[in-house]
Amino acid sequence: MRDEEAARDVLQDSFVKIWKNIPSYDSQKGRLFTWLLNIARNTAIDALRTRHAGQSIQTGAEIVDIIDQQQQAYQPNPEVMDLPEKVSRLNPDRQTVIDLVYFRGYTHEEAAEKLNLPLGTVKTRVRSALQELKKLFGS
């Protein structure tokens with residue numbers, strides 16, 4: 001989306017759709033990132049169709065061409081996209097808590113119970129892991 005306000009609206013609409021439809025995500029069918037990306041992409045396509053409804057855009061291919069033109073300005077950093085590889089560089093105790101809390105959706109309390117650790121220990125490991133990941137990403 002070229003218009004920042006429209007992009008914000010699409011992002012918010014995407015988050016709402018994700019929130020409402022997260023039970024329909026099936027890890028057997030693909031990665032969570034891909035599922036999220038498709039929701040955002042489809043929401044953007046819907047917004048563009050609505051925005052250009054009065055114009056002569058008639059085919060999905062023309063919509064995709066518009067999106068492709070707009071995406072050329074944004075080139076994601078492939079290194080940032082490989083989060084699991086970065087997490088694999090962490091100490092095993094930190095990998096475990098990050099896996100449970102961020103990849104599997106456990107709360108800190110649930111992770112502490114599963115790992116049979118005090119809640120404070122889990123929170124400290126998560127914080128330490130996030131600090132280490134920040135360094136790995138060069139931020």
Side-chain angles (χ1 to χ4, degrees):
M1 309 288 302
R2 290 184 186 191
D3 177 20
E4 188 172 331
E5 178 105 11
R8 287 181 184 159
D9 289 342
V10 166
L11 181 62
Q12 183 173 354
D13 290 346
S14 297
F15 282 141
V16 169
K17 287 178 183 179
I18 290 164
W19 181 261
K20 289 180 177 179
N21 295 304
I22 194 68
S24 69
Y25 168 68
D26 182 1
S27 62
Q28 301 297 332
K29 293 182 180 178
R31 294 178 35 207
L32 178 62
F33 176 79
T34 306
W35 183 77
L36 297 171
L37 187 63
N38 283 330
I39 289 175
R41 180 179 177 273
N42 291 339
T43 304
I45 288 171
D46 291 345
L48 284 171
R49 284 184 178 147
T50 301
R51 178 187 260 179
H52 296 291
Q55 297 175 4
S56 63
I57 296 177
Q58 308 232 339
T59 67
E62 291 171 335
I63 294 287
V64 170
D65 287 342
I66 290 170
I67 291 171
D68 287 343
Q69 290 170 5
Q70 292 177 354
Q71 284 180 338
Q72 288 175 1
Y74 174 71
Q75 294 297 322
N77 182 348
E79 190 163 328
V80 174
M81 303 303 246
D82 198 13
L83 185 58
E85 188 275 326
K86 298 282 192 206
V87 171
S88 72
R89 295 184 189 179
L90 299 174
N91 293 336
D93 59 339
R94 293 178 182 169
Q95 286 179 31
T96 303
V97 294
I98 291 296
D99 179 59
L100 290 175
V101 173
Y102 288 101
F103 294 135
R104 296 183 187 207
Y106 283 56
T107 64
H108 289 153
E109 292 82 5
E110 291 168 337
E113 187 177 314
K114 181 162 179 72
L115 297 171
N116 198 26
L117 293 171
L119 178 59
T121 301
V122 170
K123 288 184 176 188
T124 299
R125 287 181 183 178
V126 168
R127 183 171 181 265
S128 299
L130 293 175
Q131 289 173 339
E132 194 173 335
L133 285 170
K134 185 176 179 181
K135 289 177 187 175
L136 289 172
F137 281 110
S139 301

Phe15 and Thr43, any side-chain heavy atoms less than 4.5 Å apart: no
Interatomic spacing from CG in Leu36 to CZ in Arg31 - rounded to 0.5 Å: 10.5 Å
Exercise: identify the closest heavy-atom pair between Arg89 and Glu132: O-OE2, 4.1 Å
Nearest heavy-atom neighbours spanning Ala40 and Ser14: CA-OG, 3.4 Å
Test item: Asn91 side-chain N/O and Asp93 main-chain N/O as donor-acceptor pair under 3.5 Å: no
Main-chain N/O of Lys17 paired to Asn21 side chain as donor or acceptor, under 3.5 Å: yes
Spacing of CD1 belonging to Ile39 relative to OG1 belonging to Thr34, to within rounding of 0.5 Å: 11.5 Å
Spacing of CZ belonging to Arg41 relative to CG belonging to Asp46, to within rounding of 0.5 Å: 10.5 Å
Rounded distance [0.5 Å steps], CD1 in Ile98 versus CG in Leu133: 6.0 Å
Heavy atoms from other residues, nucleotides or ligands near CD of Glu109 exceed 12 (cutoff 6.0 Å): yes
Student check: side-chain heavy atoms of Asp13 and Val10 closer than 4.5 Å: no
Exam field: side chain Ser88 to backbone Glu85, donor-acceptor pair closer than 3.5 Å: yes
Distance (rounded to the nearest 0.5 Å) between Lys135 NZ and Lys86 NZ: 14.5 Å
Student check: side-chain heavy atoms of Gln131 and Arg127 closer than 4.5 Å: yes
Cluster link Ile18 to Ile45, ILVMFWY, side chain under 4.5 Å: no
Inter-residue atom distance Thr107.OG1 - Lys114.NZ, 0.5 Å rounding: 12.5 Å
pair Trp35-Asp26: side-chain heavy atoms closer than 4.5 Å: no
Validation row: Arg125, Leu117 side chains within 4.5 angstrom (heavy atoms): yes
